[in-house]
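Report on the structure given below.
The figures here come from the full heavy-atom set of this structure, side chains too, leaving out hydrogens, waters and symmetry mates.
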Amino acid sequence: MELAKITSKGQITIPIAIRRLLGVKDGDKVMFIQEGNKVVMTNASMEALLEVQDAFKGVADELNIKDEQDVVDMVKEIRAERSDNYICE
């Protein structure tokens with residue numbers, strides 16, 4: 001358990017052990033999530049990444065992507081299609 005004191009301006013210093021646990025450093029943002037009568041603090045960047053991962057669940061199956069090479073091939077195909085659209089005659 002870690003404790004932090006609230007200043008008169010409502011600020012706290014996050015203990016080093018908690019900063020390390022969250023993987024946050026100077027300038028990073030943290031997110032506060034209410035869960036019932038408790039509040040959880042988390043690394044905002046990691047939370048955003050998890051949301052993106054959740055949003056893309058199942059997309060690889062839909063696009064028949066099985067491995068990294070499939071992704072590389074798809075990117076090459078999209079780039080080729082875009083370059084074809086920009087050819088001026």
Side-chain angles (χ1 to χ4, degrees):
M1 177 188 316
E2 298 285 341
L3 294 175
K5 185 177 177 181
I6 300 173
T7 69
S8 62
K9 294 183 180 182
Q11 299 172 332
I12 63 168
T13 298
I14 302 169
I16 187 100
I18 303 301
R19 292 194 311 262
R20 286 181 179 151
L21 178 69
L22 293 176
V24 294
K25 59 188 181 318
D26 185 40
D28 287 350
K29 294 185 178 185
V30 294
M31 180 181 293
F32 297 94
I33 303 168
Q34 184 177 351
E35 294 181 355
N37 63 348
K38 295 181 180 184
V39 175
V40 175
M41 182 174 64
T42 186
N43 180 326
S45 296
M46 289 304 295
E47 195 66 29
L49 178 60
L50 292 173
E51 286 183 26
V52 168
Q53 287 176 332
D54 283 346
F56 281 100
K57 276 185 181 172
V59 172
D61 291 334
E62 291 174 19
L63 296 175
N64 200 27
I65 296 172
K66 296 177 206 77
D67 56 27
E68 192 173 331
Q69 187 58 49
D70 288 343
V71 174
V72 171
D73 293 342
M74 183 176 66
V75 169
K76 286 180 181 178
E77 182 180 326
I78 291 169
R79 286 180 177 162
E81 288 173 4
R82 287 188 174 185
S83 66
D84 289 346
N85 291 334
Y86 293 112
I87 295 176
C88 297
E89 297 179 18

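Side chains of I33 and T42 form a contact here, defined as non-hydrogen atoms less than 4.5 Å apart. At a threshold of 4.5 Å between non-hydrogen side-chain atoms, the residues T13 and R19 count as touching.
Residue I6 qualifies as open at atom CD1: its count of foreign heavy atoms under 6.0 Å is 12 or below. Residue E68 places its CD atom among 12 or fewer non-hydrogen atoms of other residues, nucleotides or ligands, all under 6.0 Å distant.
V72 and I65 sit in two unconnected hydrophobic clusters of ILVMFWY residues. Membership requires side-chain heavy atoms under 4.5 Å apart, directly or through other members. In the hydrophobic cluster analysis, where Ile, Leu, Val, Met, Phe, Trp and Tyr join through side-chain heavy atoms closer than 4.5 angstrom, V40 is grouped apart from L22. Under the 4.5 Å side-chain heavy-atom criterion for Ile, Leu, Val, Met, Phe, Trp and Tyr, F56 and V71 are members of the same hydrophobic cluster.
Of all non-hydrogen atoms in V30 and V24, the two that sit nearest each other are CG1-CG1, 4.1 Å.
To the nearest 0.5 Å, the span separating CG on L49 from CD on Q53 amounts to 4.5 Å. Remark: M46 CE to D28 CG distance equals 11.5 Å, nearest 0.5 Å. A distance of 4.5 Å separates NZ of K57 from CG of D54, quoted to the nearest 0.5 Å. Put simply, CE on M41 and CD on E47 are 12.5 Å apart, with the number rounded to the nearest 0.5 Å. To the nearest 0.5 Å, the span separating CD1 on I14 from CG on L21 amounts to 11.5 Å. Annotation: the span from N43 atom CG to M31 atom CE amounts to 9.0 Å, rounded to 0.5 Å.
Here the side chain of D61 pairs no donor or acceptor atom with the backbone of G58 at under 3.5 angstrom. Between the side chain of Q34 and the main chain of G36, a donor-acceptor pair closer than 3.5 Å is present.
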